[in-house]
Amino acid sequence: MTSLRLEFDVSGNNFASAGTASDEVKKKLKMLGINPVDIRKVAIAMYEGEINMVIHAGGGKAIVDIYEDKIDIILKDNGPGIPDISLALTEGYSTATDTIRDLGFGAGMGLPNMKKYSDEFKIDSKVGEGTTVYMTIYFG
Amino acid sequence: MKISEIARILEAKVCYGEDMLDTEIRSACASDMMSDVLAFVKDQALLISGLCNPQVIRTADMMDIKCIALVRGKMPTPEMIEIAKQKGIAILTSEFRMYVACGALYAEGLHPGELRV
Ligand SMILES: Nc1ncnc2c1ncn2[C@@H]1O[C@H](COP(=O)(O)OP(=O)(O)O)[C@@H](O)[C@H]1O
Ligand SMILES: [Mg+2]
């Protein structure tokens, strides 16, 4: 099946611009006439993932494939990795510093939100090598 | 409740969105933590926050939120206004503290109104 691929570099040293990749994807889905409820799920899930790459991993890459009936989102970074994934997925668990909390993130709800809003969700992570998050959201 | 009504109740200044004052708001949420906002989808909501950086506007946009009320007298930066313009999001600022702002709006009938996703 044909897909539309979008790729983004997510900068790790510009907190103010975090979210621009999610914004681009949101605009594209709107243009394609995807229903607003699905667009919102995609936007939230990807935005949380993008923020995580910025605040926890020094940036990374987003690879997005849009199909007629679904979207695949891959968020890949070369950050420190996640030692205990099931712990990281616990609501409220966060290693974020006070500086990050002052910026409005670090409530420990990012990964739970990503899982909640996506239909398929998987994390691959290796300490010292990096983290890849796979999310799929079906339309309709 | 119209945005103009919200501005009146919060004794707020309209920093951006004079042309949106008639927009109808049906629900509200309040937090300084953006992931808390992102956890519950709402319909035509107001975001009340003491956080003042571009991610507040981005968070609102991801949630299709059309109005943000900043509390504790926070003034939006030019960068925030710029994103708000692009996204069509009104920004108000009120001297009220979070608890008072929420209480005032709740008392006048603006309730959480969460949706199932
Ligand atoms: N891309 C990542 N690289 C390294 N660690 C991560 C990454 N994403 C999440 N984490 C870890 O998982 C924890 C929980 O993430 P999350 O639920 O998004 O909460 P928060 O970002 O608010 O801390 C983070 O505090 C961090 O320790
Ligand atoms: Mg997070």
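Here the structure is a predicted model, which means the values were calculated and not measured. So that the names make sense, note that chain A is the first sequence line, chain B the second, and so on, each numbered from 1.
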Looking at [X] and [Y], does any basic side-chain N land under 4.0 Å from a carboxylate oxygen?
X: B/Lys2; Y: B/Glu24; value: yes
X: A/Lys61; Y: A/Asp77; value: no
X: B/Asp61; Y: A/Lys27; value: no

Report task. Can you check whether anything in residues 104-115 of chain A gets within less than 4.5 Å of chain B, heavy-atom wise, and list it by number? Result -> A/Gly104, A/Phe105, A/Gly106, A/Ala107, A/Met109, A/Gly110, A/Asn113

**Report entry** Contact leader toward chain B among A/Leu103, A/Val42, A/Ile39, where contacts are heavy-atom pairs under 4.5 Å
**Finding:**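 Looking at each of A/Leu103, A/Val42, A/Ile39 in turn, A/Leu103 comes out on top.
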
Query - Most contacts with chain B, counted as non-hydrogen pairs under 4.5 angstrom, among A/Ser22, A/Pro36, A/Ala18 - result: A/Ala18

Requested in this report: Check the surroundings of atom NZ in B/Lys87: do more than 12 heavy atoms from other residues, nucleotides or ligands lie under 6.0 Å from it?
Outcome: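 More than 12 heavy atoms, drawn from other residues, nucleotides or ligands, come within 6.0 Å of this atom.
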
Report task. Give a yes or no on this: more than 12 heavy atoms of other residues, nucleotides or ligands lie within 6.0 Å of atom CZ of A/Arg101. Result -> yes

Query raised in the report: Short question: side chain of A/Tyr117, backbone of B/Leu38 - any donor-acceptor pair under 3.5 Å?
Result: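 Such a contact is found between A/Tyr117 side chain and B/Leu38 backbone.
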
Query raised in the report: Can you list the steps and then say if A/Ile66 with A/Ile34 is a side chain to side chain contact (heavy atoms under 4.5 Å, CB included)?
Result: CA-CA 11 Å; A/Ile66 303 169; A/Ile34 304 300; 5.6 Å; no

Query - Under 4.5 Å from a heavy atom of chain A, the part of B/Thr59 involved - result: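 Both backbone and side chain of B/Thr59 come within 4.5 Å of chain A.
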
Query raised in the report: Checking B/Asp32 against chain A: side chain, backbone, both or neither under 4.5 Å from a heavy atom?
Result: backbone

Query - Verdict with reasoning, B/Glu11 to B/Phe96, per side chain to side chain contact (heavy atoms under 4.5 Å, CB included) - result: CA-CA 8 Å; B/Glu11 299 171 21; B/Phe96 289 11; 3.7 Å; yes

